[in-house]
Each structure stands twice: as C-alpha cells, then as structure tokens.
Amino acid sequence: MTESLNNRLAIDVADLTVAYRDQPVLWDVDLNVPSGVLMAIVGPNGAGKTTLIKAILGLVSPAAGRVLIHGQPYADQRRLVGYVPQRGSVDWDFPTSVLDVVMMGCYGTLGWGRRPGRRERARGMKALENVGMLDFADRQISQLSGGQQQRVFLARALVQDAQVYLMDEPFQGVDATTERAIVALLQDLRAAGKTVVAVHHDLQTVADYFDSVTLLNVRRIASGPVEEVFTEQNLRLAYGGRVAFLSRDAQADGSTGQSDTASSEPVDDVITVQVDKPIDTSLRPS
Amino acid sequence: MNFSPQVEIQIIAAVVAVACALPGVFLVLRRMALMSDAISHSILLGIVLAFFVVEDLASPFLIIAAAITGVITVALVELLHGTGLVREDAAIGIVFPALFSGGVILISRYAGSVHLDTDAVLLGELAFAPFERLSVFGYALPKSLWVMGGILLVNLVFIMLFYKELKLATFDAGLAAALGFSPVLVHYGLMTLVSVTAVGAFDAVGSILVVALMIAPPATAYLLTDRLSYLLGLSALNGVASAITGYWLARWLDASIAGAMATMSGVFFLLAFLLAPTRGIIAIARRRVRQRWQFAQTMLTIHLLNHEGSPEAQQERRIEHLDEHLRWAPSFAERVVRYAERQGAIQSDAGDLTLTEHGRQIARDGLSMSEASPDQRSEFAVS
C-alpha cells in the first residue's frame, strides 16, 4: 500500500468515455490529479461532472478508458477513496440517526457481515466533532437542515479515513457558515497530505477555495493549477458565450446569491465571473 | 405438543405475519411495495409449472420453483424498466399479470382436479392448515407451521447477518457500491427472501394477505418510529396483532380469516395514520394550528416592537389599528391578542397593547429568524 501511495498521481484517468445510450456524457477525458491537491471540477450543466466522479468510483461503467487510483484500479484501492455523494441523492426520511449515517463510512473496512462496534462509534463521534455536529449524534436525520446534512456526509467521508476524497457538490445549498467550515475542512485535509476533488458551482470562489481546477464540458477543457488554467479563455471554452466577465466594481452588487442558492446549479443563462483578481471576501454574506 | 386447532391457526398466522413484516420493512423503505404484489402473484406460475413436473403438491420443489419465478419477476421488471421505454410501476403492472394469468390458465385448463384452485390462491386456506400435519423430530405440527417457521428463521438470520449491508444499500446505494457492497447482490438477496416468504405464506394465507402483511405493518410502524431496528420490531408486533385480532374478527363475523386479517392490518394503519404522536394526521393538524397562532403572535409583537417609543406608537398599538396594518379581521385580531395575552407576550389595557419583556424576546427571535440564511430557516420549516 505504501508503494502504491508513492505514486505521484492520486487519480489518473485516461481516454475516459461514458455514454448513456448513444449520447456521450464524457468524451475521451484525460485527467491527472497529483497527490495532495485540492481540485475543483467546474463546468456547465450537463458537462458530465457527476458522471466523471461516478466513473472514477466505478459507479457507472465507461464505454472506453481507464481509471487508476494511486497507480491501481479502483476496485483494488477502495479503502483509499472517500466519497461524498450529492446531498439530494439519498432519502433523508430514512429511519436512522446522524451517528448511524456517519458510521456507514466504516462499513468498507468492516467488510461483509461484521457489525460496527464501539471503535466505529468512537470514530463516528470524532468525525462529528470535526464537523461541529457532535450535539446532533442521536438526532433523526430528517430533522437536519441542508447544511447539517452536508456536514454529516463530510463526517461520513472523514470516517473512511481515505487518501483521496471525491465530493459531489459539497457546497450545494449550504449556508455561509457551513461553507466556511467546509472550506476549512478541505484545507485541513490537504494539509494532512490528502487529495480532494470536488464538483463546484460557484466560479467566484474557485480561486479562493481551491489550488487546482479542471474545466469540463463533456470533453476536458483544461486541468491544472488555478492560476494557470482558470483563465477567461478556458472559461469561454467551457461555458460557451454564456460567461460575462465583469470588472470588480460592477460585481459588487451581483456577486452574492451564488453560493447560498438552494437550487443545484445556477439557472441563469449568463454566469458572471471575475478571474484575474482575487475576490473580495468581505462582499460575501456572513 | 398439541394445541387446539384455533390456537394453532393463530400461531401460524402470527408466524406468517412476522415472516412477512421483516422483508416488508425493506420493501417499504426501498419504495418497492408494489413488488410484493407482483411477486406474490407471479409465483403461482412457478408453483403450477413445478407441479406439472413433479406431480406432487407437497414437494419442496414447488417452493423452489416459485421462489425462482419471484426472482425472475423482479429481473423481468428491471429489464423492461431498463429499456427506458416503460416506467417501473408500469413494468410491474405488465410483468406480473402476464405471469399470474399464465398460472391461472394452466390451472383451469390442466389442473382442475387437484386442489390448486383460484380461490385458494387468492385467499389461502388458513382454516384447514391444522389438518395437514408433518412430523419433524417427533413433533407433529401443522405443515405450514414448519414451513413458515423455517422461512421466518431464514429471514431473521439473513437480516441479522446483513443488517448493515441492507441498511447501507437502502439508504445510499451509491456509497454501498463505492465501498464494494454490491447493491445489486443485496437487492436480489432481499428479493429472493421476499419470494420465498411469499411462496410459504401464499400456501397458508393466499396472495392478498401476503401483500397486506408485507406492506401494511411496516407502513404503520414507519409512522411510529424513526429507528430502523425499532421499525423492524414494531412491524413484527403489528403483524402479530393484525393476525390475532383478524382471526377473532373472522370468528365473530364467520368470514374469511385471511380477509379479516388484511382488514385488521388496514385498521391498525388507519389508527396510526390518525393518532401517531408526531406523524399522525391529528398531531400534524394540531401543530399547524399552534404554529398559525404563534406566527400571528410573532407578527403582532414585531409590529408593536417596531413602533415602540416612536411618535405614532400611541396610535399603532391600538387593537383596532391591527385591522389596517396587519390586514387582520377584527375578530381574528382579538383572538390573536387574547392568545398573546395568555402567553404573556403583551398586555392589553382597554385595547391599548404593550409588549412584555417576553413579547420583545419573541419579536427579536422572529426578526433574527427571518434574517437567517435560507439554510438555517429550513430548520423551522414544517414538513
């Protein structure tokens, strides 16, 4: 395992093509994610961002291509990978408690048939503490708000104690406090040498939150460090003509409302973004 | 070990009820309740076909063949649904009547002389169950008690062994697959369980009761608890209660036992639906009413707070004024004022309203709630 971890590429995707029937969702995507980066995957609706995450995890079968996690196929590296699915992908009325959901992250190491015990409980509580949800351990999950649900999912991924984290829209529908808490958590993970790849929607915050970015629109447009890749030209390629680039002044009254919308993706045809200067965080709602 | 036939019937019914309720919990949670209907009917084809091969109604091959038919039903439904041309509920509605009617035609055409008749298929023969006995380990018990006892044991062991896998695959199939627990395997394991249970129960209580006992007790228990383990226990208890009370209802009415048991499972559901402490209709209605008054009170206190100390306060805090400013009918305004007074939020002195400290707090809480992010606000939403 140490040997496989030494592989510099945390995720190595080559020639990945995924199609639903005859409609290609991902077309010949190459993606190299170096170990220890915090990478955003951005792209318009229907760009295949979720499909890319699912294909890396083997949840959808590709028509072509291969995926390696630290040099080995995913099936051999399950323990190294933590997964945070979209919050809306599960039934939050399911009869179970917060701690129970978090402990599901331990199921992989337990294997078939073995029940979680005291050790898994302790790990679950520790993870809940890390996401500031310790007081909610025994809460029924249907009583959680959107931000709390997201924290629970993150805690569950923490319990997996993985090397590589794949997150599908971890900031979707969360309040500003939770967003800051999640960012801090992701940066802690990176500081601990983990690799994090997250589907992200708010182009305004890409440069603040992440060090690397992949622009995707069925094909991979560009991938690499934010300062090199997150350019106006690449954004135009990914989003077509639908990106408006605003100066800082014009942005002042239009920049809020992106991260705290409850809808899954920006619905406007025009997406505003400023790419060449860091975003003034004081504009963000607190 | 000999009980009177009526006690034996109740024991069989109770065992059937528990055996059905356990896999039924997962059917309800997976939103696959209709699948129990499909399986419990289509297994008839398997029974009939196996009967033609072995020509013995008591053969265990009948159960095996029927269980296989049940799993084939599930596979056919998924195949049809997977084409993307038919929705899942329609796929169920197409597959199981086809298989079931195949069984019905074969019985009516070739097996008229054996006791496989359509009445028995739909309603079972619980009343006759004690007459067909089987001696195992020296105990001569009704055959259906042995069969259903065995199936109950299999269900219990399966759910205990794979409790964690069933829970994960039901709650989050994506994570289950990512962690290497094949949700497909879990799904077909559960469907095999449902099929075997349906076959066993079908013989004793008929296909209508199989559906009633698989779905109604879990749906009832779901209104009463929010823990999976309690849900399983409560479903089993509720199934037993339906079975026993149904038996006595049938005795009293001199009617079909299976029909009475299904009726009682419906009655228990209705009771929970109305009276469940937090999820029942009555509890929800009472909560709504209370929230309506609390909301009106918050509006009133905010209105008063906004004008406290201002020049127009004198005028704004008159009860008659609420009609104009909050658009409240005078009678409603009066009731809100009385409610708020009872809660100690305001004091009314001949129609002149002043806030108490408690009332100010209510107003401030109300204001901070509306300023909270949409995310925090959702915590206060009533679902």
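Scope of the values below: all heavy atoms of this structure, side chains included, with no hydrogens, waters or symmetry mates. Order of the sequence lines fixes the chain letters, A, B, ..., with proteins taken first and strands second; residue numbering starts at 1 for each chain.
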Within 6.0 Å of CZ in B:R286, more than 12 heavy atoms from elsewhere: no

Is a side-chain donor-acceptor pair under 3.5 Å present for A:R151 with A:T178? yes

Quick check on the interface: out of A:S89, A:P85, A:G113, A:A75, who has the most heavy-atom pairs with chain B under 4.5 Å? A:G113

Mind ranking A:R156, A:Q160, A:M103 by heavy-atom pairs under 4.5 Å with chain B and telling me who comes out on top? A:R156

For chain A, the option from [options] that forms the most heavy-atom pairs under 4.5 Å:
options	value
B:L161, B:L29, B:L175, B:L168	B:L175
B:A178, B:A177, B:G180	B:A178
B:L231, B:D226, B:L179	B:D226

Under a 4.5 Å heavy-atom cut-off, does chain A meet the side chain of [X], its backbone, both or neither?
X	result
B:V25	neither
B:F162	side chain
B:Y230	neither

Could you tell me whether a side-chain N or O of B:K164 sits under 3.5 Å from a main-chain N or O of A:R114, the two making a donor and an acceptor? yes

Under 3.5 Å: donor-acceptor pair, side chain of A:W92, backbone of A:R87: yes

Look up atom CG in A:L57 and atom CD1 in A:I69, then write down how far apart they are to the nearest 0.5 Å. 7.0 Å

Under 4.5 Å heavy-atom distance to chain B, tell me which part of A:F153 shows up: side chain, backbone, both or neither. side chain

Examine whether an atom of A:L166 lies under 4.5 Å from a heavy atom of chain B, and if so say whether it belongs to the side chain, the backbone or both; otherwise answer neither. neither

Are A:Y209 and A:F171 an aromatic pair by the rule of ring centers under 6.0 Å? yes

Please determine which of A:V81, A:D12, A:L80, A:D76 meets the side chain to side chain contact (heavy atoms under 4.5 Å, CB included) test together with A:H70. A:L80

